[in-house]
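Heads up: numbering here begins at 1 and tracks the sequence.
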Amino acid sequence: MSDVFVIEGGTIVTHDSTFRADVVIRGEQIVSLTSDSSDIEGATRIDATGLLVLPGGIDAHTHFREPEEFTREGFFSGGQGAAAGGITTVVEMPQADPTTVTVEQFQAKRTQVARTALVDMALWVGVVGGQLQSEFDLRNLASTGAVAFKSFLASSSPSFPAIDTTTLHWAMRIIAETGLPYALHAEDDNLLASGLHRLQDRGRTDPLAHAESRPPLVESVAVAEALYLAEITGCWVHICHCASADALRLVAEARARGVRVTVETCPQYLSLNTDDLVALKGYGRCAPSLRDQDEVDQIWSYVMDETIDLICSDHCGFTREQKDAGAEDIFRAPLGLAGVQTLLPVFFDAAVNQRQMSLNQFVRQMATNPAQIFELYPRKGTIAVGSDADLVIFDPDRTWVVLGEEMLHKQKWTPFEGKSVTGRVIRTIRRGEVIYDDSLEGEARLPGLAGSGRYLPRGYGQDGSSS
């Protein structure tokens, strides 16, 4: 049997070009892009005529949470949702039980990737509050192969204590030496605590109380502090899931001054608003909160001008029981939304179909930019000879309705329930292997095996190392 695999007749889209070509794959890599592959004998072929061939999506912000007893999600189940959504690589956050803040915890999580992952995975490490600075060995953590550090500036995640300004400044000075990005959940802890107390003291438990307790100002103040400390330390700061237009303005201004800053947002902050929060109740509670439509429109301007580097899901696999707890009291629902499977198609519909974003910009924000930020490029994030054969065959004209019961991650719900989306993943290919096939039924759609995903160390894109 030939080990050559050809995707023929499709339109190739990369970060800077769009063209008709056949993609020739041997083993795990792309070996040729050709206008005519008919002379290749014995190849397995997929007809992509009339379809787009995109680089595999990279979700740079997921919470699959292994190791964790009775996990709400997992590297394999989360990977199934990712594959169905055209995502071939995820960068997994350090929240878990235990949280990944030591070299030993990192190595345990890396081992777990080899056992259970379906898509390829890079890993974050954390810096948390409540520990002495002497207990952190940030330089050794940086040497593990982790692609970035992560901290919370607000007490939004009980398992991941927030850091104070002193710790933030100290960590930035050391992380600056490593050259790694330092990602921040950027909400100001004092403003957030005050907002929560104010609303709860008034007896407010309705969905809008959540949004009013953490307005965009809570983000802007935290981002301003982070950018100032990044400027004086030289640290590369990465702002997570930004949902404040004013914070994005500060990012753009700092970048113009030479501050090294990257920033992400999520489809929930682009396609949902506070009206949806009212309707969704606990299923719409996330941090930052969903915003009113005026704020959403302003955030879009920073997507379109590429102030925002990448779009990610911030996928959290909470159960229906957990989210239902917010039906009568919004503050009882945990913070976080499911989204890895809907990330790519929902963003495509909103950006390309509704706002005429170019296909090339779409690829930059969904694949190329995260690959470059986390040193996975050019093995990941593009379609080129020598790149990993991570590809999505995508029908830009197919309309479908998002239904929670059809989600392929572990928890069968979605904040986009009932939403009509134009643009659907037809096949997902990870390093030359089909891991999702929309034409099949049931379990046959997901032929990939647990443990077939690969751990991706920092620098994978440059040297190809998979060790």
Between Val237 and Arg260, does a side-chain contact (heavy atoms from CB on, under 4.5 Å) hold up when you go through it step by step? CA-CA 7 Å; Val237 67; Arg260 194 172 191 190; over 6 Å; no
Enter the distance from [X]:[atom1] to [Y]:[atom2] here, rounded to the nearest 0.5 Å.
X	Y	atom1	atom2	answer
Ile12	Leu52	CD1	CG	9.5 Å
Ile299	Gln293	CD1	CD	9.5 Å
Tyr269	Ser289	OH	OG	7.5 Å
Asp276	Asn273	CG	CG	4.5 Å
Leu403	Glu417	CG	CD	5.5 Å
Leu280	Cys286	CG	SG	9.5 Å

Residue pair [X] / [Y], side-chain heavy-atom distance below 4.5 Å:
X	Y	value
Ile175	Trp236	no
Leu54	Met366	no
Leu344	Phe362	yes
Gln365	Val303	yes
Leu376	Leu456	yes
Gln361	Glu306	yes
Met357	Phe347	yes
Trp124	Phe106	no

Over 60° means perpendicular and under 30° means parallel, so classify the ring planes of [Y] and [X], tilted if in between.
X	Y	answer
His241	His61	tilted
Phe149	Tyr182	perpendicular
Phe152	Phe160	tilted

Testing the basics here: between [X] and [Y], what is the closest heavy-atom pair and its distance to 0.1 Å?
X	Y	result
Ala245	Gln298	CB-CB, 3.5 Å
His15	Arg364	O-NH1, 2.7 Å
Gly126	Leu141	O-CD1, 4.4 Å
Leu153	Asp189	O-CB, 3.4 Å
Ile330	His210	CG1-CB, 3.9 Å
Ile7	Ala48	CG2-CB, 3.8 Å

Checking Trp413 now: which residues fulfil ring-ring contact (aromatic ring centres under 6.0 Å, His included) with it, not counting sequence neighbours? Tyr283
State whether Asp309 and Arg255 are salt-bridged, where the test is any N-O pair (Lys NZ or Arg NE/NH1/NH2 against Asp/Glu carboxylate O) under 4.0 Å. yes
For the backbone of [Y] and the side chain of [X], can you confirm whether one donor and one acceptor N or O come within less than 3.5 Å of each other?
X	Y	value
Thr233	Leu229	yes
Asn360	Ser17	yes
Thr18	Val13	no
Thr116	Val113	no
Glu92	Arg65	yes
Lys410	Ser77	no
Lys323	Arg285	yes
Thr11	Arg20	no
Asp388	Gln29	no
Gln411	Arg72	yes

Residues Arg445, Asp437; criterion salt bridge (charged side-chain N to carboxylate O under 4.0 Å, His left out); working and verdict: CA-CA 5 Å; Arg445 287 179 296 173; Asp437 186 339; over 6 Å; no
Face-on cation placement of Arg379 at Tyr460 ring, 6.0 Å and 45° thresholds: yes
Is a donor from one side chain sitting under 3.5 angstrom from an acceptor on the other, for [X] and [Y]?
X	Y	value
Thr399	Arg424	no
Glu187	His185	yes
Glu264	His238	yes
Asp16	Thr14	yes
Thr368	Tyr377	no
Thr34	Ser37	no
Glu73	His315	yes

Please determine whether side-chain contact (heavy atoms from CB on, under 4.5 Å) holds for the pair Arg430 and Asp120, giving the CA-CA distance in whole Å, both sets of side-chain angles, and the decisive distance to 0.1 Å. CA-CA 8 Å; Arg430 185 223 57 218; Asp120 289 349; 3.6 Å; yes
With respect to Ile308, which candidate in Asn369, Val251, Val263 satisfies the side chain to side chain contact (heavy atoms under 4.5 Å, CB included) definition? Val263
Side chain to side chain contact (heavy atoms under 4.5 Å, CB included) with Asp59: which of Val90, Thr88, Val119, Thr89? Val90
Kindly determine whether Arg257 and Glu231 satisfy salt bridge (charged side-chain N to carboxylate O under 4.0 Å, His left out), including the steps that lead there. CA-CA 9 Å; Arg257 295 196 306 272; Glu231 188 163 12; 3.0 Å; yes
Applying salt bridge (charged side-chain N to carboxylate O under 4.0 Å, His left out) to Arg249 and Glu253, what does each step give before you reach the verdict? CA-CA 6 Å; Arg249 174 186 61 80; Glu253 291 173 354; 3.0 Å; yes
Go through Asp246 and Ser244 one step at a time and tell me if the side-chain hydrogen bond (donor to acceptor under 3.5 Å, both in side chains) criterion holds. CA-CA 5 Å; Asp246 197 45; Ser244 164; 5.7 Å; no
Give a yes or no on this: more than 12 heavy atoms of other residues, nucleotides or ligands lie within 6.0 Å of atom OH of Tyr228. no
Partners of Asp314 by salt bridge (Lys or Arg N to Asp or Glu O under 4.0 Å), sequence neighbours excluded? none
Measure centre to centre between the rings of Phe348 and Phe394, then say whether the value is under 6.0 Å. yes
